[in-house]
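Notes for the one structure printed next.
Throughout, residue positions are numbered sequentially from 1 according to the sequence presented.
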Amino acid sequence: MKQGQSTSYRTLLFTTLLSAVLIGCGGGGGGGGGGGDPGLPPTTGAALSVDCSGANCQATDAGTYAGSGVGLWRYTNTTNGQVNVPISIAGLNDRSTVTLIYTNQGGMPVSLPAPPAADFAPTPRAAAVAAFAEDTADSRANRIPSMVRNFDAKARMGSASSRALASRRLLAAAPHSAAVNDKRDWFISQNDNSITTRTATLQRKVTADDGRVVNIWVEDSEYGDSKFSAARVEQFAQRFAVGSQSVYSMVTRLAGQPWGPHSYPDLWIPANQELDIVFVNFDRNNRPYGMIGYFWSNNNFFVDPSVQYGEYSNESLSFYMDTETVYLGDGEEGVQIQLSTLGHELTHMINFYQRGVLMSDPNSSAFYDFETFLEESTALMTEDIIGLNLDPTFNSLRDASFADWLNSGLNNCSYPDWNGELNTPCFSYSIAASFGGYLLRQYGVDFYKGLLRNRSSTDSLVVLDDAIRQAGGPGFAEALRRWSTMAALLPATGVPAGFGLPLRQEQGFTLPAVNGPDFDFAVRWPTTRPSVLKPYALFPVRRAPANGVYKEVVPVPINTTLTVVVQ
C-alpha cells in the first residue's frame, strides 16, 4: 500500500535490541495481592499520582479507588536509571480488575525487569481466542508486494536518466483516454514480487462530482455473471464516484485532489489524467482476501527502462483491486472490504500527490512523503472516518481492526516499526488503526486534515507530534501512552477525559464508540514478559487484588511510564 519508503533511524535502532530472555508467568491468583516483603526497596520519593480528573475519574487520591468506574494512576520515570515504585491502592472489591501497562515513551529500547511476584494472567479463553484468530486468519489483511511498499519515489524523482528519457517523450505525452469496450494490457504486481501482464476491458466510465473521469476495468477472464458481473461493475462505479457520499467525494473533501498540476511534466503523467480502477484476480487461488488492492506511485512516472521497475509503469493514475475478494467474500463482506480499501488506496494516491509531489523538491532533501507507519495510519484513519457513511453496518476499526489489535498487538509492539505480516505477534495494520482511531476520537477530523498537510518536519514522528499539539493534545508520546490504556478494555462511556474510544460525530461523519468490554473474547494476553521493551511500545499485565487492596513494589525502566488501571 505504501510506496517510496526509506529506512527510519528508529528501525535501525531495533536491530540492536538485546536477545529476549523470556520469563514465564504464573497461574491464577498469584499477583501482587498484598502481604509479604516484595523484595524490591522503593526509591526515595517515587510514588504513583492520580492520572485522571473530572466527573468520571474514580481515583480518589494516590492510594484510593472509589469502588466503581475507571480509576487511573501513573508514574513516569524521568531519572537515569530504574525506579522501584511502591503501590498501595485500597477501595477495590471482588469484581475489581487491575491492569498494569508499561509504555516506552522514548525512541530507544529499555530493559524491562520482572518483579519478584509472578505475573498474573487471566484464565485464557483458549477456545474463543483460537476461534477468533482462525476466523480472521485470511481476512482483512492486505498483503502488499515489497516492490510496492518499498518503492523509492524520491530516488526515482532525482534520477538524471529518468529525467532525460522522460524529457525526450514530453512532446508526445498526453493523458491516456479510453472508451467503453476498449482493451488494455496492464502490468500487475504480484505478492511474490513478480510482475505479470493482464488484459482487461473498460466496462464503465463515470464522472465524479468534481469532473474527474473514473474508469472501471475488469480482467477479461474475471468478467461475467458468476464472477465480477455487470451489476458489480455498476455498484462499484456508483459507490466510488457518484454523489456526495461516494468514496471519491468523501476522501477528496478530507484529503484533497489525487492528481493535478505539477512542476515536472518531463517526469510524471499529465495533470488531467483520468482515474483507472483495474479489477483483476491477483493470485487465482479461489479464495477471497490475501492481496486485496494497491496503489503504486511507479505508475505515475513515465516509463524508464534504465531504472528498477521503470519499464513496468502503466503511466496511469490507477488502483489495482482483487476480484475474488468481491465475489467469494462472505455475503456482502467482500464488497464492504473492497469499498473500504478503495478509500484506503485513494488516500495513498492523494498523499503521494499532495505530499510527495506538491510539497517535495526532488533536487533537495526536503521530501515530505510520510514514512510507512504514518502513511498507513492516515489511510486507515480514512477508512474509519468514512466507514458508516458507506455502510451503516460496517466500521473498519470497530468491526475489524480493534479486535485484531487485541489478538496480536499487545505483546511489546513498536508503533513506528512497520510489520505487515498477519498472524505475527505485532501486526501493524491493526496497531495503527487502533491508535489512529484513538487520535480521531480524541482530536477530531480537523486534526486528521491538519496532519495530512503538516510540513513541520521531514521526520514523520515529529510531524505526528506537531499535529497532535496543534489540535490541543499533549503530543505523540503522551497520546500513545493514553491510547495504551485501551489494553485494559476501557468502556466507551464513563471514562475520564483524554482516554477511551468514545462516540464522535462531526462534519457529517460518525466515528462509532468502541466499547472495550465487548472485546474480551479477542484478547490474547502475553504469556511471557520480554526482557527489553521496544521503543514506543506497550506491555500490559494483570494483577489480582487481595482483601480490597492492590499492593506491590513495581520496577519501572527509564523513559517509561507505568499506568495502573482499576475498573
Side-chain angles (χ1 to χ4, degrees), residues 20-31 97-104 112 114 118-143 289 380 396-415 417-438 480-481 483-492 500-501 514-534 536-544 563-565 567:
V21 180
L22 300 178
I23 301 171
C25 299
T97 62
V98 179
T99 308
L100 309 183
I101 302 166
Y102 292 95
T103 309
N104 184 348
L112 184 62
D119 287 342
F120 166 72
T123 302
R125 300 156 315 285
V129 173
F132 170 79
E134 181 178 359
D135 181 59
T136 60
D138 293 314
S139 64
R140 298 187 288 268
N142 198 357
R143 295 166 174 82
Y289 313 116
L380 290 160
S396 60
L397 175 63
R398 182 194 63 191
D399 302 323
S401 298
F402 186 72
D404 290 342
W405 171 59
L406 294 172
N407 197 251
S408 68
L410 298 183
N411 196 1
N412 194 20
C413 300
S414 179
Y415 165 63
D417 185 19
W418 190 262
N419 175 12
E421 295 300 319
L422 188 65
N423 295 330
T424 56
C426 300
F427 180 50
S428 291
Y429 282 110
S430 56
I431 296 169
S434 179
F435 183 45
Y438 167 82
L480 186 82
R481 201 274 308 179
W483 160 71
S484 74
T485 61
M486 284 307 301
L489 301 180
L490 297 181
L501 294 169
V514 179
N515 187 48
D518 292 344
F519 294 86
D520 184 62
F521 70 91
V523 182
R524 183 178 295 178
W525 289 96
T527 57
T528 56
R529 177 189 288 261
S531 61
V532 171
L533 187 62
K534 296 177 183 178
Y536 305 115
L538 68 96
F539 187 81
V541 295
R542 280 286 175 93
R543 286 301 194 232
T563 308
V564 180
V565 183
Q567 300 184 76

Inset, instruction - Show your working on side-chain contact (heavy atoms from CB on, under 4.5 Å) between Asn419 and Phe427 and close with a plain yes or no. - result: CA-CA 6 Å; Asn419 175 12; Phe427 180 50; 5.9 Å; no
Inset, instruction - Under the side-chain contact (heavy atoms from CB on, under 4.5 Å) rule, what do Ile431 and Trp483 come out as? Steps first, then yes or no, please. - result: CA-CA 11 Å; Ile431 296 169; Trp483 160 71; 3.9 Å; yes
Legend entry - Working for side-chain contact (heavy atoms from CB on, under 4.5 Å), residues Gln567 and Leu490: CA-CA 8 Å; Gln567 300 184 76; Leu490 297 181; 4.1 Å; yes
Legend entry - side-chain contact (heavy atoms from CB on, under 4.5 Å) assessment of Arg529 paired with Tyr102: CA-CA 11 Å; Arg529 177 189 288 261; Tyr102 292 95; 3.5 Å; yes
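The minimum heavy-atom distance between Leu533 and Thr103, with the atom names listed, is CD2-C, 4.3 Å. Between Ile101 and Ala487, the shortest heavy-atom contact is CD1-CB, 4.3 Å. Nearest heavy atom pair, residue Phe539 against residue Pro526, reads CE1-CB, 3.6 Å. Ala403 approaches Ala522 most closely through the heavy-atom pair O-CB, 3.8 Å. In terms of heavy atoms, Pro517 sits closest to Leu489 at CD-O, 3.4 Å. Here the shortest heavy-atom pairing between Arg542 and Val98 reads CD-O, 3.3 Å.
Under the 6.0 Å cut-off for aromatic ring centres, Trp418 and Tyr429 qualify, their centroids lying closer than that.
In this model, a donor atom of one side chain and an acceptor atom of the other lie less than 3.5 Å apart for Asn515 and Asp518. Counted by atom type alone, Arg543 and Thr99 present zero donor-acceptor pairs between their side chains at under 3.5 Å. Between the side chains of Ser430 and Ser401, no donor-acceptor pair is found at a separation under 3.5 Å.
Ring-plane geometry between Phe435 and Tyr438 is classed as parallel, the angle between the planes falling under 30 degrees on a 0 to 90 degree scale with a further cut at 60.
Contact of the Leu501 side chain with the Phe402 side chain is registered, since non-hydrogen atoms from C-beta on lie closer than 4.5 Å. With a 4.5 Å cut-off on side-chain heavy atoms, Tyr536 and Asn104 do not count as touching.
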